[in-house]
Amino acid sequence: MAVTTYAELKTAVAAWLARAGDATITDNAADFIMLAEQRINRMLRLRGMEDRATATVSTEYVALPTRFLEMRNFQLNTDPVTRLELMSPEQIDAIWGGSTTGKPKVYCILNNEIQVRPIPDASYTAEMTYWQAFAALSDSATTNWLITNAPDVYLWGALAEAAPFLGDLDALTLWEARFQAAVKALQDSDDRGKWSGSTPQIRTDTSNP
């Protein structure tokens with residue numbers, strides 16, 4: 001059975017539960033998948049989840065990108081590049097409180113915004129690399145990176161969410177074990193691909209090639 005789209009995933013969930021055509025499953029399959037997506041986005045950090053965005057920073061607060069999960073790097077594209085240091089809101093208030101202006105040096109994340117300090121004294125182009133949540137599957141958004149590259153993670157995750165709903169604790173143990181194994185295998189595979197080849201080396205700007 002192919003699992004390449006949202007509709008095929010819902011069909012597979014019912015089939016693996018041996019409940020094909022059962023309205024109890026078909027009416028709730030979307031919830032099982034949504035709950036699995038929430039867990040998956042909290043657990044995985046893959047290259048397929050990485051994105052890059054630029055923004056103009058001219059005020060203290062900048063909106064986060066859509067589906068933002070976690071920052072990898074935040075910098076100002078000055079010459080040379082200015083990499084901003086992540087701090088807690090409390091640290092920023094303690095060190096950079098008041099109305100001091102200048103080129104931003106630090107940042108924190110508050111709700112759905114990035115706060116920078118000092119308050120910018122001009123307009124700067126900022127660039128961020130970050131992990132974003134997978135686009136949620138739906139009847140109108142039928143595919144995403146994860147279902148294309150790791151449909152088993154989706155299937156086992158949805159089945160693990162279905163088991164408590166059905167009151168089947170034995171099935172929960174089975175599907176949860178498969179889900180955890182699939183998530184770990186996918187993350188391990190991605191990590192190997194990210195660092196395969198020569199040993200990573202740290203160089204300064206003055207290092208010889």
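Positions are given from 1, in the same order as the sequence printed here.
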Compile the donor-acceptor pairs under 3.5 Å between side chains in residues 13-22 and protein atoms, sequence neighbours left out, one pair per line.
| unit_1 | atom_1 | unit_2 | atom_2 | d |
| --- | --- | --- | --- | --- |
| R19 | NE | D22 | OD2 | 2.6 |
| R19 | NH2 | D22 | OD2 | 2.9 |
| D22 | OD1 | T24 | N | 2.8 |
| D22 | OD1 | T24 | OG1 | 3.2 |

Members besides L110 in its Ile/Leu/Val/Met/Phe/Trp/Tyr cluster (side-chain heavy atoms under 4.5 Å):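 Result for L110 is Y61.
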List, by chain and number, the other hydrophobic cluster members for V106, where Ile, Leu, Val, Met, Phe, Trp and Tyr join if side-chain heavy atoms come within less than 4.5 Å, directly or indirectly.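 Result for V106 is M87, I92, I95, W96.
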Tell me, please, which residues at least two apart from [X] pass side-chain hydrogen bond (donor to acceptor under 3.5 Å, both in side chains).
{"X": "K105", "answer": "none"}
{"X": "T56", "answer": "none"}
{"X": "T5", "answer": "none"}

How far apart are the C-alpha atoms of E37 and R42, what are their side-chain angles, what is the distance that settles it, and do they pass the salt bridge (charged side-chain N to carboxylate O under 4.0 Å, His left out) test? CA-CA 9 Å; E37 287 177 328; R42 288 192 292 265; over 6 Å; no
Could you list the residues that satisfy ring-ring contact (aromatic ring centres under 6.0 Å, His included) with F68, not counting sequence neighbours?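 Counting only residues at least two positions away or on another chain, F68 forms a ring-ring contact (aromatic ring centres under 6.0 Å, His included) with Y130.
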Once ring-ring contact (aromatic ring centres under 6.0 Å, His included) is applied, do any residues pair with F32, and if so which ones, sequence neighbours excluded?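 Per chain and number, F32 pairs via ring-ring contact (aromatic ring centres under 6.0 Å, His included) with F165.
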Residues in salt bridge (Lys or Arg N to Asp or Glu O under 4.0 Å) contact with [X], at least two apart in sequence or another chain:
{"X": "D170", "result": "none"}
{"X": "D168", "result": "none"}
{"X": "E113", "result": "none"}
{"X": "D79", "result": "none"}

